[in-house]
Amino acid sequence: MRTSWADAASETVVSNNNPVPRPSRHTYVPPHLRNSAVSDAPAPSGPPTERESFGGNTGGSRWSGSSRTKPEYGRQMQGNGYDAAGRDGGGSCRNNRSGGWDRRKREVNPFVNDDKVDDMKQGFSEHENTVINFDAYEDIPVEISGENVPPPVNTFAEIDLGEMMNQNIRRCKYAKPTPVQRYAIPIALGGRDLMACAQTGSGKTAAFCFPIISGIMREQYGQRARGGRTVYPLGLILSPTRELSCQIHDEAKKFSYQTGVKVVVAYGGAPINQQLRELERGVDILVATPGRLVDLLERARVSLQSIRYLALDEADRMLDMGFEPQIRKIVKQMDMPNRGVRQTMLFSATFPREIQRLASDFLSNYIFLAVGRVGSSTDLIVQRVEFVPESDKRSHLMDLLHAQRENGEHGKQALTLVFVETKKGADSLEHWLCINGFPSTTIHGDRSQQERELALRSFKSGKTPILVATDVAARGLDIPHVAHVVNFDLPNDIDDYVHRIGRTGRAGKTGLATAFFDESNLSLARPLAEVMQEANQEVPPWLTHYASQAPYSSNRNRRSGGRFGGCDFRREESFGKNLDYYGRGSSGTAFGVPADYGGAYVPGVISAWD
DNA sequence: AAAAAAG
């Protein structure tokens, strides 16, 4: 029987018995009060007995030094009191006497399932999906632009997120930061706005969650609004699909375990009452999909006036035609603090130029970060394109699946994710696969949320090793052990292709992606050939031919990257006009260096691969 | 034209 970090931690907490009597009724205690002296802190609502039981052990003001007031670097964070927090008052953990009852004792250990999952994975060839293959990330090109860019770090120890978060990082089995984390975390800890591009599966979620959680832990107390049944989260994380919001919530709960920072998720298709109850119990970071958030805002059950941190995952998707009005409403028309007051972070694997332009509206003096061949896939994914006429697609898929099953270990079907264009097409293909002896399920927007979640679970567990999906599953979902992504129908947008195939080849593992190309995909020929070339993939001659014949589509111009990855649209525009973006002579720095380069910068060098 | 996101 395995003993996990988390088990050890929960034992610690239980044995670290709280001598303070618990109140009978629980009241939300904001994180900045949970471990602080009562003296001059504004009184939380609730009976005095609760306040007396805070067990104040520190002055709390050591969490001062708001990152936003220090424009320089994230380094000022180092050793600014976390160690003291750990030892202070005899508690080995921060916030272990919150409000007279210890929420952390009732906090479900988010790591308990990890061991079970590991056991379940015996059937798979690899264990420890959380362990990242860092060899795969050597020599990754990095580009940064903006003013006063904080230097990257090489280890989590350098970042010093505090003992509780360090423990959680160990529990997650993260040995060292991924390239995007190495650059993005110091930037975010420095209080800077950020537009970050990094390859699919390279650890973006932690890159924005760590700084938000750490920032909230450092928060000075006192400013938090309260009133009625309205809750006032400090951090807001938006994502384009319900499942992705759930996944971010699950991750964030691990990162914030026992820190006293409360993360709540809200999304549509699920009973709102349950989510309202969760919110009432207190929320520091709200993870949400846009529709449900607007609903909550209109009901005045959530107010954004205390938001200090705003993160958009899959930010280019969030700002494209479908979502942009909703996002604009949330960010501009509600009570959210203005840009420059809040800290805004946008993350995606792709960032088309015109979306960057749109996005700059939400940002203030931001840093642009591109890690890896952005808008490209990793070369960990073997990409194949086959010309398959519509009428042959089914039988061709069947051939692939048969071959896969025969080559698989113990005749087991490897997890295969099949993307189709329409919801109807998804249902139809799933049914056909099932009656032909291939256990499948499907996920798309016409299914109930329950069905969607069941489908995802069933796929992840290997019970139905084939998942037929629409683009609802194209972005962000981290499904370990997806061996094969099939683009049964290719998307119209090359960026969607990049995100889809990014469901495999995650965390430094390899994967296979097969696309069925037909006459209806001619406009994709050129960008597809480019993406494949960027990733050192073999481009079939017939595709090169189509690509050379294809007219320059607007698609090409809006490509997020050029041949060498992401580019800050501010730089492109200033080059075009032969003007400095800031009009001040130094618009920033770009690093044409390997990602693990830890030494001095090369200012003035735009990029080594340009 | 399609998908997603509120009900």
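The chains referred to below are lettered A, B, ... by the order of the sequence lines, with proteins before strands, and numbering in each begins at 1.
Separating the CG atom of A:D446 from the C1' atom of B:dA5 is a distance of 13 Å, rounded to the nearest angstrom. For the pair A:E421 CD and B:dA2 C1', the computed distance is 6 Å after rounding to whole Å. When rounded to the nearest whole Å, the span between NE2 of A:H444 and P of B:dA4 equals 8 Å. Distance NZ (A:K424) to C1' (B:dA2): 13 Å, rounded to an integer number of Å. In this structure, the CZ atom of A:F488 is 17 Å from the P atom of B:dA2, given to the nearest Å. With rounding to whole Å, A:D493 atom CG is found 17 Å from B:dA2 atom P. Between A:D320 atom CG and B:dA2 atom C1' the separation is 12 Å, expressed in whole Å. Computed from coordinates, the A:M318 CE to B:dA4 C1' distance equals 10 Å when rounded to whole Å.
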Assess whether salt bridge (Lys or Arg N to Asp or Glu O under 4.0 Å) is satisfied between A:D295 and A:R299, documenting all intermediate values.
CA-CA 6 Å; A:D295 190 350; A:R299 293 173 190 234; 2.8 Å; yes
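Applying the 4.0 Å criterion to OP1 and OP2 of B:dA6, one finds that A:T289 has a side-chain N or O inside that range. The side chain of A:R242 places an N or O atom within less than 4.0 Å of a non-bridging phosphate oxygen (OP1 or OP2) of B:dA5.
A:R405 and A:T416 are not linked by any side-chain donor-acceptor pair at a separation below 3.5 angstrom, with hydrogens and angles left out of the test. Remark: the A:D316 side chain and the A:T350 side chain contain an N/O donor-acceptor pair separated by less than 3.5 Å.
Checking B:dA5, B:dA1, B:dA4 against the side-chain heavy atoms of A:K423 singles out B:dA4 as nearest. Minimum atom distance to the side chain of A:T470 is reached by B:dA4, of the listed B:dA4, B:dA2, B:dA5. Of the candidate nucleotides B:dA2, B:dA4, B:dA6, B:dA4 has the atom lying nearest to any side-chain atom of A:F323.
At the heavy-atom level, A:R452 lies under 4.0 Å from the strands shown only through sugar-phosphate atoms. If you check every strand for non-hydrogen atoms under 4.0 Å, A:R317 touches a base. Heavy atoms of A:G322 sit under 4.0 angstrom from at least one base atom.
Both tests pass for A:R570 against the ring of A:Y366: distance under 6.0 Å to the centre and angle within 45° of the axis.
Of the candidates A:T470, A:D446, A:T442, A:D446 is the only one forming a side chain to side chain donor-acceptor pair (under 3.5 Å) with A:K423.
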